[in-house]
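To start, the structure itself, in structure tokens.
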Amino acid sequence: MKEEKRSTSGRTMLGGLFFIAGLIVALIVGWVVFPKVLYSQKTQPMNFSHAAHEDSACEDCHYFLPDGSYSGTPGIENCRQCHEEPMTDSEQERILVEEYIQKDREIPWLVYGWQPDNVYFSHAPHQAAELECVQCHRDVTADEEKLPILYENRWTGYSKSTMKMVECEKCHAERGASNACQTCHK
Amino acid sequence: MSDNGHTQSGVLYGMAIDLDKCTGCMACSVACQAENNISFRPDESNKLRSITWMEVYYLDNGAEHPDYRFSYLPRPCMHCNAPHHSPCTFVCPVNATVRDEATGIVGHIYPRCIGCRYCMVACPYHARDFNWWDPAWPEPMEQMLSPKVSTRMRGVVEKCSFCSHRLNAARSKAYLDGLEMSEVTYTPACVEACPSQAIAFGNLLDEHSEVARLAKSERAFRLLSKLNTEPKVYYLSRHPWLHNLANASL
């Protein structure tokens, strides 16, 4: 009788050990491996530095069009004003001049806060409400060694830094802006 | 909320279609199709399966030759203003279709829609269509789609939006120019396309707007007004038979 008892408690110990080991493996897979697998990493076509362009005003490159829409990221015609020929021996500038400006190709910039096709976003009302860019974007004036990596969800195609609907709606509710569905959806 | 179940606001977008001016050319329907990225089938003959937001009907008075009369009737979504709910928003189980009380526009959010088609049954105007297939366009047309309106997917319902994306664009511009939001006007694609200018669009609450004036005209009537759906689309005709037909038994 006694012996039997001892052997069951040993089995429970072993079972507990397996359980904890399994839990740890599951946690590692869930918290470390899965997010790595889920997101593909994308890099910008070149390492553009906002700090190197401090002499220009933000509005030289990011401005509103007369119809109220936003110019977004600047086209090569803008860069050409200064980068027709390389000014420095920087590798990044060489890419810009040789790969894009001389070949008349637009630069396929990645947008970190990219929104899906069914969302309508406009900068004009937020500019009118005097919101800071950093409330929704990274701080570009901070000294960036390198442009951040864009983490793209392989499943949905969303960027990791795409603002979620709840965040938009939360601020809209706080600020008394419209939260009707077709305000943000098209 | 006021007594009639609406929150008070200064804007209520509506439409007035003058059937005496309508020639049935279908330009409104085509413009709508292009503006809103509406897909089509290789064979469009089965109208129960095809998608049209601005349907143009051919109506007649049923009389014999010397008394025979006919009329065309373009039919967008009525954006029903019935207290509390439109027929479709009342039945939607997932709030995919909701009326915005600040503009009166009944929207439909495609990714939210579960395709139960309850709203299609509820709508007395047949203004809603279902995507039985994944929308597809022949070779070069895919590149001609408008980025201003998202394309739908198989299994969702769609309908006229009063071109709410154009309202969004107009409001954006108004924010930039510092204008008053209640004064924002815009023109839907069908109104813009109509060669005989039979369609007026604007703020029904603004007494000076053309649409408000036309809505009060003696020639004005609404479709199935006896159902108390309170459509925001008004029709104008000097023919009594059309007025009667609009409220004939279903």
Side-chain angles (χ1 to χ4, degrees), chain A residues 58-59 62-73 75 106 108-109 111 113-133 135-136 153 155-158 162-169 171-173 175-186, chain B residues 7 9 11 13 35-37 77 79 89 92 94-113 135 142 145-153 156 158-182 184 186:
Chain A
C58 311
E59 289 76 25
H62 309 294
Y63 52 91
F64 287 97
L65 302 172
D67 69 352
S69 60
Y70 202 50
S71 71
T73 45
E106 283 301 336
W109 296 113
V111 176
W114 170 87
Q115 287 288 351
D117 185 42
N118 56 56
V119 171
Y120 170 79
F121 177 82
S122 167
H123 278 90
H126 301 99
Q127 175 103 337
E130 291 176 351
L131 297 181
E132 300 283 330
C133 313
Q135 279 184 276
C136 308
N153 189 316
W155 207 332
T156 61
Y158 284 21
T162 291
M163 188 177 280
K164 293 281 177 291
M165 179 163 136
V166 283
E167 287 178 60
C168 311
E169 286 188 316
C171 179
H172 277 207
R175 305 275 208 125
S178 166
N179 259 338
C181 307
Q182 70 267 20
T183 313
C184 307
H185 288 280
K186 54 182 188 177
Chain B
T7 37
S9 88
V11 198
Y13 290 108
E35 174 81 11
N36 292 297
N37 296 334
C77 166
H79 294 265
T89 63
C92 181
V94 294
N95 268 1
T97 187
V98 177
R99 186 173 67 214
D100 176 11
E101 296 296 341
T103 57
I105 292 178
V106 177
H108 189 95
I109 310 301
Y110 313 117
R112 181 73 190 154
C113 177
E142 197 117 90
L145 294 178
S146 162
K148 293 179 180 139
V149 179
S150 67
T151 54
R152 277 69 70 182
M153 51 296 232
V156 302
E158 61 181 80
K159 69 159 192 87
C160 155
S161 62
F162 265 179
C163 282
S164 61
H165 59 286
R166 289 197 177 200
L167 170 61
N168 285 344
R171 286 177 70 101
S172 256
K173 184 168 162 44
Y175 272 116
L176 214 57
D177 299 346
L179 301 180
E180 200 55 54
M181 281 304 128
S182 58
V184 172
Y186 72 103

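Quick note on labels: first sequence line is chain A, next is B, and so on, each numbered from 1.
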Partner set under side-chain contact (heavy atoms from CB on, under 4.5 Å) for B:P147, not counting sequence neighbours: none
Given that the side chain runs from C-beta out, which part of B:I105 has a heavy atom under 4.5 Å from chain A: side chain, backbone, both or neither? both
Do you know which of A:P125, A:G68, A:C184, A:P116 has the most heavy-atom pairs with chain B at a distance under 4.5 angstrom? A:P125
Between chain A and chain B, identify all donor-acceptor pairs below 3.5 angstrom, including backbone and side-chain atoms.
{"unit_1": "A:P66", "atom_1": "O", "unit_2": "B:K173", "atom_2": "NZ", "d": "3.4"}
{"unit_1": "A:Y120", "atom_1": "OH", "unit_2": "B:N168", "atom_2": "O", "d": "3.3"}
{"unit_1": "A:Y120", "atom_1": "OH", "unit_2": "B:S172", "atom_2": "OG", "d": "3.1"}
{"unit_1": "A:S122", "atom_1": "OG", "unit_2": "B:S172", "atom_2": "OG", "d": "2.3"}
{"unit_1": "A:Q182", "atom_1": "O", "unit_2": "B:N168", "atom_2": "ND2", "d": "3.1"}
{"unit_1": "A:Q182", "atom_1": "NE2", "unit_2": "B:I105", "atom_2": "O", "d": "3.3"}
{"unit_1": "A:K186", "atom_1": "O", "unit_2": "B:S150", "atom_2": "OG", "d": "2.8"}
{"unit_1": "A:K186", "atom_1": "NZ", "unit_2": "B:P147", "atom_2": "O", "d": "2.7"}

Around atom CD of A:E106, are there more than 12 heavy atoms from other residues, nucleotides or ligands closer than 6.0 Å? yes
Considering only heavy atoms, which portion of A:P66 lies under 4.5 Å from any heavy atom of chain B: side chain, backbone, both, or neither? backbone
